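Worksheet: the structure to be examined is printed underneath.
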4 protein chains.
Amino acid sequence: MSYVDTDAAQVVHHATYLRYFEQARVEFLRANGWDYNAWLQRDGLGLPVAENTVKYRVPARFDDQLEVHTWVALARRSALVFQYEILRDGQRLTEGTTKCACTTMQGAVRRVPVELIRVCLGDEFDPSQI
Amino acid sequence: MSYVDTDAAQVVHHATYLRYFEQARVEFLRANGWDYNAWLQRDGLGLPVAENTVKYRVPARFDDQLEVHTWVALARRSALVFQYEILRDGQRLTEGTTKCACTTMQGAVRRVPVELIRVCLGDEFDPSQI
Amino acid sequence: MSYVDTDAAQVVHHATYLRYFEQARVEFLRANGWDYNAWLQRDGLGLPVAENTVKYRVPARFDDQLEVHTWVALARRSALVFQYEILRDGQRLTEGTTKCACTTMQGAVRRVPVELIRVCLGDEFDPSQI
Amino acid sequence: MSYVDTDAAQVVHHATYLRYFEQARVEFLRANGWDYNAWLQRDGLGLPVAENTVKYRVPARFDDQLEVHTWVALARRSALVFQYEILRDGQRLTEGTTKCACTTMQGAVRRVPVELIRVCLGDEFDPSQI
């Protein structure tokens, strides 16, 4: 991470982690074959953030190499809950969750596409549970 | 708020609210007679963020006049929990909480000064409860 | 200004000044009777940034009270150049300029409305110079 | 780049480029064998930003793959001027410069270490010119 991400306490500022989480969601989806931006452009749907929680355990510092683990903890009819752990050298610094609604660009709630749930849950996907 | 606070969905970006919360804590304390920066400089103590939660109900937009209501919901031996509501024309857009630890600049946990708790709780302050 | 605006050198991060400049433009226009957002909504025109320059002379620190002086140094057919000085207790910390183009939301260049030039230049406005 | 980097005009916000430039400086130095953070920790010197200029030619959009070209255009006794081009698919979107002073953590100006100038200028380094 970068100098701009730090604050006068010489640690990564707490708001910065929401940047990392957001990037992590897009990259998690991409890594699993789902191009978020292409979907947004094509279908006019997106995953705006409805709730965030973050627990800060150990501060990160300038130029640390951070690893962001991301997965989908819960898939509902019209929402996904992403979960994260941020690690440095195997030590857990931060954890968090983001509940994303599935909506149109105008904010109308829609079903999460089954194909996206499959992408998010991988082997744990059970269509009868949705 | 400002254009830089918005994102391509044409609403205030979800991470921006942590900026508002942070500024609100400092101004809440100042309004109640506690100069956070002077305390930090004088005693070397501060209130780093240990946990954040945010619920986004209605998006804010560029140039909206937002009102941030802030109070201390809970005072513990070495932590304070701030709570917030962000309103536009009386409508609640966002709510959140921040748990702040009381620590030295090196991160060692310390008791929250009794005078600070008094400042935070106002009339609800009961020294026997700490 | 706020803690999030600082960096690990314990000064206001250099990118933060572009936030201050942006807010200063909108407030300068509002103070002179031009509601930027209303104009944008009504006419579909705006003032996207084409160039920025910033000179950092003296660093600002957490919780400093900063004063941003803003004026329009130059008005051209389809561009305005804003100029700024940021002061703390009368000392000049930072100066900068922003060249804004006047464009549609799709980025097509348009003439700056004469009324906006009048708002920007005040008594120095000379219609024959445009 | 990420959604948080965009604004309500649905393009990358102009202040975001200073983030890219900053990261590019650190990565340019690292790629040439100079660990900025290790130097800062060891010698207590750094390269704070004294001036920035940015020209915005073509806007970038969410999820664009951007390439940042970085080099040192000028090395002076106590300052380095970095230059940048940001490209998307070979098209130049943005260009900029940053003049960095070489200073102690307290802001006292120091000579740029000769070894750092060599790292920055590569084959163009001519010790007699400094």
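None of the values given here were measured: they were computed from a predicted structure. All chains are named by letter (A, B, ...) in the order of the sequence lines, taking the proteins before the strands, and each is independently numbered beginning at 1.
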* **Inter-chain contacts: residues 7-34 of chain C against chain A, heavy atoms under 4.5 Å** => C:D7, C:A8, C:A9, C:Q10, C:H13

* **Interface residues of residues 96-104 of chain C facing chain A - non-hydrogen atoms under 4.5 Å apart** => none

* Interchain contact, C:Y3 with chain A, by part (heavy-atom threshold 4.5 Å) -> both

* Could you list the residues that satisfy salt bridge (Lys or Arg N to Asp or Glu O under 4.0 Å) with A:E67, not counting sequence neighbours? => none

Pair up each side-chain donor or acceptor in residues 87-94 of chain A with any protein partner under 3.5 Å, not counting sequence neighbours, and list the distances.
from: A:R88; atom 1: NH1; to: A:P59; atom 2: O; distance (Å): 3.3
from: A:R88; atom 1: NH1; to: A:D64; atom 2: OD2; distance (Å): 2.7
from: A:R92; atom 1: NH1; to: A:E95; atom 2: OE1; distance (Å): 3.4

